[in-house]
There are 4 protein chains.
Amino acid sequence: MYTVDLNCDMGESFGAYTIGRDREILDYITSANIACGFHAGDPSVMKETVKMAVDKQVAIGAHPGLPDLVGFGRRKLDISPDEAYDMTLYQIGALKAFVEISGSKLQHVKPHGALFNMAAKDRELADAIAKAVYDLDHTLILFGLAGSELIHAGNEKGLRVASEVFSDRTYQKDGSLTPRREPNAVITDRAQAVNQVIRMIKEGRVQTVEQNDIAIAADTVCIHGDGEHAVEFASEIHQSFKDAGIHTKKISDI
Amino acid sequence: MYTVDLNCDMGESFGAYTIGRDREILDYITSANIACGFHAGDPSVMKETVKMAVDKQVAIGAHPGLPDLVGFGRRKLDISPDEAYDMTLYQIGALKAFVEISGSKLQHVKPHGALFNMAAKDRELADAIAKAVYDLDHTLILFGLAGSELIHAGNEKGLRVASEVFSDRTYQKDGSLTPRREPNAVITDRAQAVNQVIRMIKEGRVQTVEQNDIAIAADTVCIHGDGEHAVEFASEIHQSFKDAGIHTKKISDI
Amino acid sequence: MYTVDLNCDMGESFGAYTIGRDREILDYITSANIACGFHAGDPSVMKETVKMAVDKQVAIGAHPGLPDLVGFGRRKLDISPDEAYDMTLYQIGALKAFVEISGSKLQHVKPHGALFNMAAKDRELADAIAKAVYDLDHTLILFGLAGSELIHAGNEKGLRVASEVFSDRTYQKDGSLTPRREPNAVITDRAQAVNQVIRMIKEGRVQTVEQNDIAIAADTVCIHGDGEHAVEFASEIHQSFKDAGIHTKKISDI
Amino acid sequence: MYTVDLNCDMGESFGAYTIGRDREILDYITSANIACGFHAGDPSVMKETVKMAVDKQVAIGAHPGLPDLVGFGRRKLDISPDEAYDMTLYQIGALKAFVEISGSKLQHVKPHGALFNMAAKDRELADAIAKAVYDLDHTLILFGLAGSELIHAGNEKGLRVASEVFSDRTYQKDGSLTPRREPNAVITDRAQAVNQVIRMIKEGRVQTVEQNDIAIAADTVCIHGDGEHAVEFASEIHQSFKDAGIHTKKISDI
């Protein structure tokens, strides 16, 4: 029997603006990464999203991002490790308050977008983020790209880490994701996406764009909540996991 | 023997911008209200200010404000009670994280500027703010204008409250502050300011602009940290209190 | 033969967030009010929206709002007339740049949301906004609620004004809109909405919620672009105008 | 006889926050680069700063920056050329409105901080910025680091450009500034700073940190307005120029 966590970014609406079909996606996932007001989200969206996750018994993580709302936190910003520490701590603290008044407990932290990608490659940033998480609550689980500096930093700090894999992205021989600017970065065929992720879970291996096979750890699988077919895909991957004998469970229960 | 808390707003710098002589003011006060990033402050300023307060053994409070950086949180914004609840909770949570990693504990919450003034008169807003404080941590002390709706709301909710008085502002017969647009709103004579506040502490009374005497509760005195002579005045009021037999202590120790 | 301008707010998307079906709505309107980055919109959205309007030969107006993105400019903010002047000028200037590089010319200015409503009742704010428009370009047309202070201010300043009416909102006996918090504020029956606006155009009268008839000027009709049925309604009102012998033309051509 | 333009960044205050002694610095410079609300500045500060510059007959330039107020526009942000074009145009347009109502005319554009540095090395960004300036008004003068890609881009586009030199920064053999993280990046000795800049103006040469001599164009000299001794240094450089037979004139009059 195989077990994996299934996570999705959510709470990324802002004021009058809506992104993502959070309520429906919550039916299929086990961990929700909730935006904290920097790259997306606002206090009211955060409260509402936390409440929905609690109601549907989905575990909650903070999803801190860069202070770049217009860029949705996706543009690299040249911050110092100290700034990374401070903005991560701020955002986790803010979300934690909403989790606590809902009678729940924060499970994990997953940086967003460019912060996630920068922390995958820049060890100093990764260390700063891991330290912020650890300093606030050393029982929090740190999500990072499988094989990334963030995973190494979390391990060294003494945090429990979760290696994240993507169903709809291709991998390169060094284990990094193919950059989005490359033509073959995204897997658009859903069956192929599902097969890739199932193999990562069962065999711990993935075929790269260079056609060789590499080892990969797959503790948690990321799906996206904001595409046109996001809900259908969430439902499909959920069913495919069942059919393949893969049980989904929030990471803290694995 | 009389005892009173002496508080000041701080941590209101932002990025490259500096306001307030926080480090020096901290030598004279017992409670620091630290901005939380909405009307002023940023994560790095918050961390630094919390650290300074902890080092100088000054008690720490969250100082949540309206999301209006360019207006410094001083312009009335027509928010709903739900929005007040959400933005208060968010900001307390963010500051609490910095307090916790510093090995300290949050003592109180004092809304800032227009949020403070609106909550003094609008009971629904006051209730929402009191509920946010209570829901997160019912041992927090809520600071409000003496005699205001915020004090009533905190009391009803079951929070410990602290009635705040101002040394350099005049009062009206209903106990409210004379609006700043009135010519006699501010007391510029320092001796007069000191005498007014000492009488409030010792006699529980203040003379209004209408020349009558009213009762007033004075649990904590607010001084300002950003004027040209802020540090001198802080030093002077501190000394005058000593001379008058008034002991200053953080509110949680009174 | 009757002629009227048909306007709609647009360019209110922001970064990754989309609001409004601007491209389709542009097929039915004659004047577009384009957000300027304060309550909504960003530089890239502005450029794109201006380009679409120019392509479809729809006249362009600046749609300045309060600096309150999370509140979408709908929450009253207690700004001074000077601040209103400054923020109006800033936003018109920014949009004007995009209009000029597109080889077009700005036609009008219509304040957004709470700024529009505040300027309808507060003459000092209205004067400040009218002055900003006049100072920058006295040939710009100022849009305001029919009968409002903003219309009076524009007239006094020497600007051409356009009295705006709403198809889907009810009116009170003083000519103001019924506040949205009232149950009968919005007309949900489309036929009734169309009939109300046709009568305003043809007869210059509207029936109020108090059931009496009042005079109203209808130079331009506002429709909304962000509801579920916005495009259908735009199409329907456009057709109903034709059927009723009402010609739609951009205000500067009337 | 030698002639040079002397410029300074200003209008970088924001709301309650003050940076720079603009009023005094204006007595010594010939061109003012005024912030446009993204990295610093707000509409009211912009109006006031433009007014001061007009009163003191100092030429005005737009000083557009990255949308990063907390970082003061100094942190590299990975924007696309299109985004650079859009944000540059937006900011120039906004400032231009204030210049026009003051009865003056915009003279130049100088990008700020990280945008200036990125445009010095990244030709695509430089082209986008030059195009935004040209499209809005091809008579505007584009300021860029002497020898940088921004100067090349402006030249190719057909704009008049002004090569900027710094009095208090050291140069490397490729003509770029020594990065601030290097120990010898800043010249703290004022006499040395003055001598370096006078030689750049008179001889068109500067000695690099590698001790060799390189050619450099010096159309305009940048001084800083926000240090402790900014006004004294402005006065001193102004006097030294006089003594050395260097006349200061706004760039458009040279």
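Numbered from 1 within each chain, the chains take letters A, B, ... in sequence-line order. Given the structure is predicted, the values throughout are model-derived calculations rather than measurements.
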For Gly93(D) against Ala97(C), the heavy-atom pair lying closest together: CA-CB, 3.7 Å
Residue among Leu89(C), Thr88(C), Leu136(C) with most heavy-atom pairs under 4.5 Å to chain D: Leu89(C)
Value rounded to 0.5 Å, distance of CG in Asp137(D) from CD1 in Ile101(C): 13.0 Å
Residues, nucleotides or ligands: over 12 heavy atoms within 6.0 Å of Glu124(D) CD: no
Spatial distance of atom CD (Gln91(C)) from atom OH (Tyr90(D)) [nearest 0.5 Å]: 6.0 Å
Residues of residues 19-39 of chain C contacting chain D, heavy-atom criterion under 4.5 Å, by residue number: Cys36(C), Gly37(C), Phe38(C)
Within 6.0 Å of NZ in Lys56(D), more than 12 heavy atoms from elsewhere: yes
Residues, nucleotides or ligands: over 12 heavy atoms within 6.0 Å of Lys105(C) NZ: yes
Reported NZ-to-CG distance for the pair Lys47(C) and Asp82(D), which is rounded to 0.5 angstrom: 4.5 Å
